[in-house]
Amino acid sequence: MNNKLLYPLLIIVGSSCYGILSTMIKVAMQHGFTTSEAVTAQYAIGFLLAAVLFILTQRKMPRMSGKGFLIIMFAGLFTGTTGIVYGQSVHYLPASLAVVMLFQFTWIGVLLDCLIHRRLPKRMEVISIIILIVGTILAAGVLDADLTGLDWRGWVFGFAAAFSFACFMQFNSKPVEGVTPISRMLIMSLFALIIVSLFQSPEVMVNGKLFTTDLLYFGLALGFFGIIFPIILFSIAVPKVGGATASILSATELPVAIIASVIVLGEVLTPLQVFGIILVLGGMILPTYLEQRKLQLHTKGTAH
């Protein structure tokens with residue numbers, strides 16, 4: 001497969017993994033576990049899986065510069081803070097509104113990329129973001145929701161999750177020479193676990209609850225789909241496409257989240273939401289398609 005298509009596809013698959021996490025957490029809550037316990041289980045088991053994978057495949061940590069270590073460390077910290085504040089947003093807001101707030105990372109990510117690289121946003125980035133925002137509002141069913149009486153903390157935590165995820169994308173877009181995706185994942189998952197342990201429910205790791213109850217199974221599922229798989233894919237692909245494009249491509253998380261909630265939780269999907277999902281997918285695919293089109297035209301022009 002052409003690498004120009006492979007790397008965007010890896011980001012789409014990775015963000016799709018994130019899309020099923022909210023449904024998994026809701027199911028964990030239905031089984032009597034708190035959001036905090038589920039999030040802690042995700043990062044604890046995720047780190048253990050990363051450590052096992054590292055020992056089986058590499059065993060020796062590669063050399064890296066101090067700057068490279070800081071880049072990976074901050075990527076891990078922002079991974080953890082995203083899980084913390086998004087979990088709180090889901091606690092205070094309906095799942096659909098929490099998703100809408102999280103998806104503000106699309107335009108925040110592009111804005112951060114423009115500030116970091118001191119550039120203006122590209123016209124296609126602006127068009128894609130507008131399509132994504134409209135599609136997100138429709139897909140999440142916000143127009144049919146009653147917004148009165150909602151806790152203001154849910155909005156704050158939701159926006160914090162969006163900002164944190166956008167920062168994660170920016171740090172993860174920076175390549176670190178000599179570091180493999182698995183090594184990067186291990187370091188990131190360690191610092192993510194550290195920050196999560198400070199603010200969530202670290203007691204489940206020492207009182208036996210994580211390993212003697214069904215929380216272990218939720219931790220395994222959340223750890224694989226929320227830590228192992230997406231971080232490896234993002235570590236490979238995000239440095240190749242850049243933080244701004246990665247933020248746009250990650251919008252696939254929304255339709256996956258909604259479809260998962262419909263299938264698993266039995267939530268109703270309206271025609272307006274279906275249209276919103278189509279808009280999100282269109283806004284996500286548009287930049288990659290036009291870039292490929294431009295490249296093909298340039299190649300043809302060069303050949304002639």
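Keep in mind it's a predicted model, so treat the numbers as computed, not measured.
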Check the orientation of [X] and [Y]. Use parallel for under 30°, tilted for 30 to 60°, and perpendicular for over 60°.
X      : Y      : value
Phe159 : Trp107 : tilted
Phe229 : Phe224 : parallel
Phe168 : Phe234 : tilted

When you measure from the side chain of [X] to the backbone of [Y], do you find a donor-acceptor pair of N or O atoms at a distance under 3.5 Å?
X      : Y      : answer
Gln104 : Phe163 : no
Thr40  : Ser201 : yes
Thr82  : Phe78  : yes
Tyr43  : Thr79  : yes

What I'd like to find out is whether the side chain of [X] reaches to under 4.5 Å of the side chain of [Y], using heavy atoms alone.
X      : Y      : result
Leu21  : Gln42  : yes
Ile187 : Met61  : yes
Ile45  : Leu210 : yes

Subject >> Single-linkage hydrophobic cluster Ile108~Leu115, side-chain heavy atoms < 4.5 angstrom >> reply: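 Yes; Leu115 is reachable from Ile108 via cluster members.
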Original post:
Would you say Val52 and Leu220 are hydrophobically clustered, going by side-chain heavy atoms of ILVMFWY under 4.5 Å?
Top reply: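 Each belongs to a different hydrophobic cluster.
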Subject >> Verdict with reasoning, Tyr18 to Phe165, per ring-ring contact (aromatic ring centres under 6.0 Å, His included) >> reply: CA-CA 11 Å; Tyr18 284 134; Phe165 192 74; 5.6 Å; yes
Original post:
With sequence neighbours left out, what residues match Phe47 under ring-ring contact (aromatic ring centres under 6.0 Å, His included)?
Top reply: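 Counting only residues at least two positions away or on another chain, Phe47 forms no ring-ring contact (aromatic ring centres under 6.0 Å, His included).
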Subject >> Interatomic spacing from CG in Leu193 to CD in Gln200 - rounded to 0.5 Å >> reply: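 The CD atom of Gln200 is 11.5 Å from CG of Leu193, to the nearest 0.5 Å.
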Subject >> Results of salt bridge (Lys or Arg N to Asp or Glu O under 4.0 Å) for Lys174 - residues two or more places apart only >> reply: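 With sequence neighbours excluded, Lys174 shows a salt bridge (Lys or Arg N to Asp or Glu O under 4.0 Å) to no residue whatsoever.
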